[in-house]
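All remarks here apply to the structure that follows.
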2 protein chains.
Amino acid sequence: MDFNQDKHMGSVPEQRFLPHIAYDSVIFGFSGEQLKILIMEYHNTGMFALPGGFVRVDEPLNDAVRRGLRERTGLDNIYLEQFYTFGSLERYQPEVMETILQANGFAVDDFRWMLDRFISVAYYALINYNKVNAQPDALSDSIKWYPLNDLPPLILDHADIVAKAHRTLQENLERKLVGMNLLPSRFTMKELQKVYEAILGTPLRRTTFQRKMLSLGILKRHEKRYSGKAHKAPYLYSFEGE
Amino acid sequence: MDFNQDKHMGSVPEQRFLPHIAYDSVIFGFSGEQLKILIMEYHNTGMFALPGGFVRVDEPLNDAVRRGLRERTGLDNIYLEQFYTFGSLERYQPEVMETILQANGFAVDDFRWMLDRFISVAYYALINYNKVNAQPDALSDSIKWYPLNDLPPLILDHADIVAKAHRTLQENLERKLVGMNLLPSRFTMKELQKVYEAILGTPLRRTTFQRKMLSLGILKRHEKRYSGKAHKAPYLYSFEGE
DNA sequence: TACTATTGTCTCATTATGTGACAATAGCAA
DNA sequence: TTGCTATTGTCACATAATGAGACAATAGTA
């Protein structure tokens, strides 16, 4: 989360946030043949959470999320999709935020609004793992990649949010041709296949996968990539239009 | 929208709402071989809008929507799906709500919170047209069915909401096997096909459709329905499990 | 030059879908 | 009763998509 550390926050219009409304982002990256997401750890609490934030009173919701992503990853023009808004009562646990504020030396009274009930609009983002320069926010001392199947325990309903993000990503994989957003602009067919396998959680048949991808007509073939290994070198591809 | 008409609303805890947060519902029904949705018209304004409402401070978001649907349609246990949360600045038009309040004889000062910026969580519902007993809310004098392709001009971004609801419904049609929710519990294959055609907006091939539906193994075949017409009578089907 | 791992492509089998044919009605008219 | 018509359920065949394996073409190493 990001918010003005000035105790008199309310006095700066651009820094006033809509109460009760937050967003959380599940930021997917791909590395070591695994799907990973960015998780923040709050100072001195051992608590882990998705990167999220608040919406300024004069700011479009989607802009708020892009702003947060830029601050957290240094990246612009990210593939981003809103997938669900979480509004159960179980996610209302003021003790959690209180602990976090106290551990950071903030006077709880000055941030009482953060202890309120929040409804959170959740987004997932797909980014090129190698381009990220992850930056923690004011309350957290780290933001790190964790494999999707080996996450630390997350606060509130963040584990549900991650699960739903993953499910939505699986459903959208073919329909929105989304796999290439997790790779650098040039990639081999095998790399693309590994991305699909990581997202779906099942192995795919090499020949069928290659035929299918090529038949879509959205890949442009470039030169080969010589890896130095003792075998035929694969072609590099890019997503049509890059 | 539904809210306590007592001017001292804030004093009744169950009737206090989360500020800045609303929901809107696109309620689909099927009649006359057409997709229709429920639209409300506000008293003395000529303004049309989707049925919506607010979330009580101690109420889960999804419950709030189901409550609103029950009040508006008299139905319980409705097929309901959240599909997007709208948070642009274009949807902030305090004049609109002000006009509506004034036209209903409410003192605007007592409902100033309704003139604020709202983020709206949008849901679509699929219901059996014939079971609905539509009830207008405190501000509107009618709630009526309109064919999807012949809607009155809607306030704010409600036309966008409807368009996105329709798109999402189309995408979910096969994946979630959702068509039967628009029909009575027993229906003919032709009726089901008409629903699919209305949702997708394209004609479907009778034999292929029938084969596909039967192969899914989710339909139970019952007795025939004799319509009095001079031709072979079709079987009735139900969704497996009813 | 032989050998290995990997890649690109082809072939054939299997499954799904498009397209039309056809027999089986249910009521009506003769 | 016997045709007649519109509609339904099912089948048959053609076409398209996918599963599954075979195989030749490398890029390096031994």
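Protein chains get the first letters and strands the later ones, always in sequence-line order, with residue 1 at the start of each. Here the structure is a predicted model, which means the values were calculated and not measured. All values below come from the heavy atoms of this structure, side chains included, with hydrogens, waters and symmetry mates left out.
In this structure a side-chain-to-backbone donor-acceptor pair under 3.5 Å is missing from R225(B) to Y235(B). A donor-acceptor distance shorter than 3.5 angstrom exists from the side chain of D137(B) to the backbone of S140(B), with no hydrogens or angles considered.
Considering only side-chain N and O atoms, R205(B) lies under 4.0 angstrom from the phosphate OP1 or OP2 of dT19(C). At dA5(C), none of the side-chain N or O atoms of K232(A) fall inside 4.0 Å of OP1 or OP2 (strictly under the cut-off).
In this structure, L192(B) atom CG and dG9(D) atom C1' are separated by 16 Å, rounded to whole Å. Rounded to whole Å, the distance from CG on L236(B) to P on dA26(C) is 13 Å. Atom CE in M189(B) sits about 23 Å away from atom P in dA6(D), given to the nearest Å. Computed from coordinates, the E174(A) CD to dT18(D) P distance equals 9 Å when rounded to whole Å. Atom CG of L204(B) is separated from atom P of dT19(C) by 12 Å (rounded to the nearest Å). At whole-Å resolution of the value, CZ in R225(A) and P in dG8(C) are 11 Å apart. Atom-to-atom, CD of Q193(B) to C1' of dG9(D) comes out at 13 Å; the value is rounded to the nearest Å. F209(B) places its CZ atom 19 Å from the C1' atom of dG20(C), with the value rounded to the nearest Å.
Aromatic pair Y84(A)/F86(A): centroids less than 6.0 angstrom apart. Taking the six-membered ring for Trp and the full ring otherwise, the centers of F54(A) and F118(A) sit less than 6.0 Å from each other.
Taking the six-membered ring where tryptophan is involved, the planes of Y79(B) and Y124(B) are tilted, since the angle between them lies from 30° to 60°. Ring geometry for F209(A) versus Y196(A): interplanar angle over 60°, hence perpendicular rather than tilted (30 to 60°).
Relative to the ring axis of Y237(B), R221(B) does not place its NZ or CZ within 45° and under 6.0 Å from the centre.
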Under 3.5 Å between N/O atoms: give me all the protein pairs with nucleotides 9-17 of chain C, atom names plus distance.
unit_1 : atom_1 : unit_2  : atom_2 : d
dT9(C) : OP2    : R221(A) : NH2    : 3.3

What pairs of nitrogen or oxygen atoms, one from the protein and one from nucleotides 27-30 of chain C, lie under 3.5 Å apart?
unit_1  : atom_1 : unit_2  : atom_2 : d
dG27(C) : O3'    : G228(B) : O      : 3.3

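L139(A) contributes atom CG, which lies 12.0 Å from atom CE of M47(A) (distance to the nearest 0.5 angstrom).
When the side chain to side chain contact (heavy atoms under 4.5 Å, CB included) test is applied to R206(A), the partners found at least two apart in sequence or on another chain are Q193(A).
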